[in-house]
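Side chains included, hydrogens not; waters and symmetry mates left out as well; all remaining heavy atoms used. Remember, it's 1-based here, ligands and their atoms both numbered in the order they're listed.
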Amino acid sequence: MADRTRPNQLPEWTALAKHREELDGVGLRELFAADPGRGGGYTLQVGDLSVDYSKQLVTDETLRLLRELAAARDVFGLRDAMFRGEKINVTEDRAVLHTALRAPRDAVIEVDGENVVPKVHAVLDKMSGFADRVRSGEWTGHTGKRIKNVVNIGIGGSDLGPAMAYEALRAFTDRSSTVRFVSNVDGADLHEATRDLDPAETLFIIASKTFTTIETITNATSARQWLLSGLGAGQEAVAKHFVALSTNAEKVTEFGIDPDNMFEFWDWVGGRYSYDSAIGLSLMIAVGPDRFREMLDGFHTVDEHFRTAPAESNVPLLLGLLGVWYGNFHGAQSHAVLPYSHYLSKFTAYLQQLDMESNGKSVDRQGMPVAWQTGPVVWGTPGTNGQHAYYQLIHQGTELIPADFVGFARPVGELSESLKAQHDLLMANFFAQTQALAFGKTADEVRAEGVAQELVPHKTFRGDHPTTTILAPELTPSVLGQLVALYEHKVFVQGAIWNIDSFDQWGVELGKVLAKRVEPALTEGADVPGLDTSTQALVAKYRELRKK
Ligand code: F6P
């Protein structure tokens, strides 16, 4: 009997492997020729997102077999357990309920017998009240000056989400204030973020789920020094210039932040799934509570779709399964996400943590080594910049790199008419690229253009590079929420297929422990027992160079 926790032992897996062999050599030109309805037909809609997967190396049969694998792995069963608040994060014995963060006020979602939705809305209301007071100028700094600058100090999930969303929704932000994000423990980060700011007008938001993350606490301590020395004030000034976003009230108080100025969230919100919780406070101050709630509604639209849509039209399921198809049956090791929007400049960096910290695992939920590939390397930057940099490798390199193209029908923001007109050129590139990637250019076509024979191989494009095209009307707060939820659930689907815990992150722990151990060697030249000879030599070199 097959062990149903081992996907590669399932007959559905074997059927896919066989199907993959049968499809070998069948390219997109052929698939389109065989089915005149493919273009436009292979499209699903979720909320405002139209998702076209016609340029994927799949047939109806592929999709059917992939859905059978999902059924065999009971992806929807695990999904339902997540939405019900069951502790599906097995290694940390925690519920996984980022979906509760955007549930409507009257929803009931229980963790350990307690409905968590009222708590979520109480924090959202507290955030809204605070954001309104900062935005209106009612909340002033220690000297009575209006707050004009907000600096979010956090790292990983306590930085990437709000930083990404702030960029994404810049067109909706209050332009009279500045919002900056500091994450790196490299002192240059805080220095550059604060060097031109007036402390009297600056609010620091210390974002840390645990409130023990060394980078964040170090930067927060330095920010406090900067503030107090800049103001020439004592500890009493902190209350007006520091707020905390955390699950750890004790540590927040220990740091000297008034617990009234703490915005809470809970252990059932993973760091990389947290920017729609209190972690989004900087974003809420920037765009205002109404826009923030529109974003939450966008998340919720996709949550409901994922929870209720049948497998055939379930978009996160489809995207997750396509990733499995390429990773496990085509050997693809990376996945590019290529947004055609300047405002989405940090979107792929955000997805890197979401996907790679979730699914970068090599043991299954039972602790057994996996014998199948798990999460891919996720990468990409906004088009068209990428076109003039690394697209060459996607078009003509030796790797198979599935890619998502994300674009919008209308530009947002107060652009001049001529800048608005540039949008068609941007999108012409968007459509041209997926076309070129899918269909390439044959040697015969190149020759027919009169190209010299010796250059023909260089100018030939193999094609058959699979892409998904995600098209939305415009990048509104709701659409951003929809996009993020889509990827959250895609990652979930893949973790469920691979039988891994997508919600822990033990892999980041070892480096943290070793950094603490090695630090005295750097600062005091201390003899660290057990330090390997390579690191010893490097530390010695570092200390020698540092003196100069
Ligand atoms: O080091 C990884 C990590 O735990 C992430 O998962 C998390 O988003 C980040 O560190 C920040 O953690 P915290 O919010 O507790 O400071």
What are the atoms of ligand 1, with element, lying closer than 4.0 Å to any heavy atom of [X]?
X    : answer
T213 : 12 (O), 13 (P), 15 (O), 16 (O)
S208 : 13 (P), 14 (O), 15 (O), 16 (O)
G157 : 7 (C), 8 (O)
V508 : 1 (O), 2 (C)

Short N or O distance, K209 and ligand 1, threshold 3.5 Å exclusive: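 Among all N and O atoms of K209, at least one is under 3.5 Å from an N or O of ligand 1.
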
Results of ring pair (Phe, Tyr, Trp, His ring centres under 6.0 Å) for H98 - residues two or more places apart only: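 For H98, the residues satisfying ring pair (Phe, Tyr, Trp, His ring centres under 6.0 Å) (neighbours in sequence not counted) are Y273.
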
Atom 10 (O) of ligand 1 protein-contacted (non-hydrogen atom, under 4.0 angstrom):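 Not a single protein heavy atom is under 4.0 Å away.
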
Short side-chain to backbone donor-acceptor contact, T476 and V479, under 3.5 Å: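 The answer is yes, because a donor-acceptor pair under 3.5 Å joins these two groups.
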
Expected output: side-chain D186 to main-chain D189 donor-acceptor under 3.5 Å: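 Side chain of D186 to backbone of D189: no pair is present.
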
For atom 15 (O) of ligand 1, the protein heavy atom that lies nearest, with its residue and separation: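 Of every protein heavy atom, T210 OG1, 2.6 Å lies nearest to atom 15 (O) of ligand 1.
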
Beyond-backbone contact of R73 with N499, side-chain heavy atoms, under 4.5 angstrom: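 In contact.
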
K512 near ligand 1 by a heavy-atom separation under 4.0 Å: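 Yes, K512 has heavy atoms under 4.0 Å from ligand 1.
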
Option whose closest heavy atom lies nearest to atom 6 (O) of ligand 1, chosen from E357, R272, E215: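 Going through E357, R272, E215 one by one, E357 has the nearest heavy atom to atom 6 (O) of ligand 1.
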
Ligand 1-proximal atoms of Q505, by part, heavy-atom distance under 4.0 Å: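 Answer for Q505: side chain.
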
Between Q225 and T221: side-chain donor-acceptor atoms closer than 3.5 Å: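 No.
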
Residues K516, E519: salt bridge by 4.0 Å N-O rule: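 Result for this pair is no, no salt bridge flagged.
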
Working for salt bridge (Lys or Arg N to Asp or Glu O under 4.0 Å), residues D125 and R293: CA-CA 11 Å; D125 291 344; R293 281 175 199 259; 3.0 Å; yes

